[in-house]
Amino acid sequence: MKTIDIALIPVIVGAIPDRMDRWLQFTVVTLLSLAVAISILKGVADMAISVEYVEIKDGPNREALFDALKYAYDKNNRHRVAFKGGYFSNGGSQVSTRASVEMIITGLKHDDGSGNSFTLEGYATNWPQFPHIIKFYFNTGNRTGMLRLTPLS
């Protein structure tokens with residue numbers, strides 16, 4: 001890509017009136033500033049976001065889920081349920097074949113009409129790096145699902 005020195009533009013184009021020269025310089029400087037800003041933003045967007053997930057292969061039955069939801073905020077009898085499976089990191093590489101996420105279930109929504117498919121919300125009590133609510137899919141019929149974990153920055 002060839003570059004042209006901004007000082008040579010009036011010579012190349014010919015005699016440009018002073019007002020036009022200032023407008024042209026402003027336009028070129030604005031475009032260069034935008035190019036730098038876009039380059040910086042592209043760098044930020046390309047930074048890797050740490051996403052980890054558990055492919056759930058064994059979890060609670062439907063009744064245990066409902067009990068966990070029912071007693072989520074009971075100070076004397078707080079129910080936790082465990083979801084077990086393979087633990088993966090960003091890029092899909094398997095970190096462990098035995099991951100267990102113990103959760104307090106705070107929300108449950110039917111995913112379809114089957115009565116076994118749910119979108120769940122809850123807190124992971126044994127993973128302190130994920131202190132926020134986690135939403136995930138789980139099927140009580142075959143006890144499988146996908147739990148995606150994104151740490152807070």
Side-chain angles (χ1 to χ4, degrees), residues 1-6 9 20 22-153:
M1 178 175 180
K2 294 184 179 182
T3 58
I4 298 174
D5 186 4
I6 193 167
I9 292 176
M20 184 72 153
R22 278 185 271 142
W23 176 83
L24 186 59
Q25 285 178 352
F26 173 77
T27 303
V28 170
V29 169
T30 303
L31 289 173
L32 290 174
S33 298
L34 285 172
V36 169
I38 289 169
S39 173
I40 290 169
L41 288 174
K42 184 180 181 316
V44 169
D46 288 342
M47 290 188 334
I49 297 171
S50 176
V51 174
E52 301 169 358
Y53 59 95
V54 174
E55 184 180 352
I56 302 168
K57 297 187 182 211
D58 183 27
N61 62 26
R62 186 172 44 191
E63 288 70 29
L65 271 182
F66 289 151
D67 285 345
L69 178 64
K70 184 168 51 174
Y71 296 110
Y73 296 105
D74 186 338
K75 291 180 179 26
N76 299 323
N77 191 18
R78 188 172 269 187
H79 278 55
R80 291 175 176 84
V81 287
F83 298 91
K84 299 173 185 169
Y87 173 58
F88 295 83
S89 67
N90 202 17
S93 58
Q94 188 164 7
V95 176
S96 169
T97 56
R98 293 184 181 179
S100 179
V101 181
E102 194 174 276
M103 298 197 66
I104 295 173
I105 302 299
T106 58
L108 184 144
K109 181 178 133 187
H110 286 277
D111 198 54
D112 60 17
S114 71
N116 291 320
S117 243
F118 300 97
T119 300
L120 303 172
E121 293 181 1
Y123 294 95
T125 59
N126 62 334
W127 291 37
Q129 68 270 36
F130 304 105
H132 54 287
I133 288 181
I134 300 167
K135 291 184 180 182
F136 62 102
Y137 168 80
F138 184 68
N139 185 307
T140 56
N142 56 17
R143 297 189 182 183
T144 60
M146 185 63 69
L147 196 149
R148 181 179 168 171
L149 305 164
T150 307
L152 295 176
S153 328

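In this text the structure is predicted, and so the values were computed from the model without any measurement. Residue numbers count from 1 along this sequence. Computed over heavy atoms, backbone and side chain alike; hydrogens, waters and symmetry mates excluded.
With Asn126 contributing its side chain and Glu102 its backbone, the two residues share a donor-acceptor pair below 3.5 Å.
Contact record, Ile134 with Arg148: CG2-O, 3.5 Å, taken as the closest heavy-atom pair. Across all non-hydrogen atoms, the minimal contact from Val81 to Ala68 is CG1-CB, 3.8 Å. Nearest heavy-atom pair across Arg80 and Ile104 is CG-CG1, 3.9 Å. Contact record, Ala99 with Gly86: CB-C, 4.3 Å, taken as the closest heavy-atom pair.
With rounding to the nearest 0.5 Å, the separation of OG1 in Thr125 from CZ in Arg78 is 9.5 Å. In this structure, Leu120 CG and Asp111 CG are separated by 9.5 Å, a value rounded to the nearest 0.5 Å. To the nearest 0.5 Å, the span separating OH on Tyr123 from CE on Met103 amounts to 10.0 Å. In this structure, NZ in Lys135 is found 9.5 Å from OG1 in Thr106, a value given to the nearest 0.5 Å.
Phe66 CZ: more than 12 foreign heavy atoms inside a 6.0 Å radius.
By the side-chain hydrogen bond (donor to acceptor under 3.5 Å, both in side chains) test, Asn142 pairs with Thr144, sequence neighbours left out. Residues that satisfy the side-chain contact (heavy atoms from CB on, under 4.5 Å) test with Asn116, not counting sequence neighbours, are Arg62, Ser114, Asn139, Thr140. Remark: Phe136 engages Phe83 in a ring-ring contact (aromatic ring centres under 6.0 Å, His included) (not counting sequence neighbours). Residues satisfying the ring-ring contact (aromatic ring centres under 6.0 Å, His included) criterion with Tyr137, sequence neighbours excluded, are absent altogether. Scored by the side-chain contact (heavy atoms from CB on, under 4.5 Å) test, Arg143 finds Asp58, Asn61, Phe138 as partners (sequence neighbours excluded). Under the side-chain contact (heavy atoms from CB on, under 4.5 Å) criterion, Leu69 pairs with Ile105, Leu108, not counting sequence neighbours.
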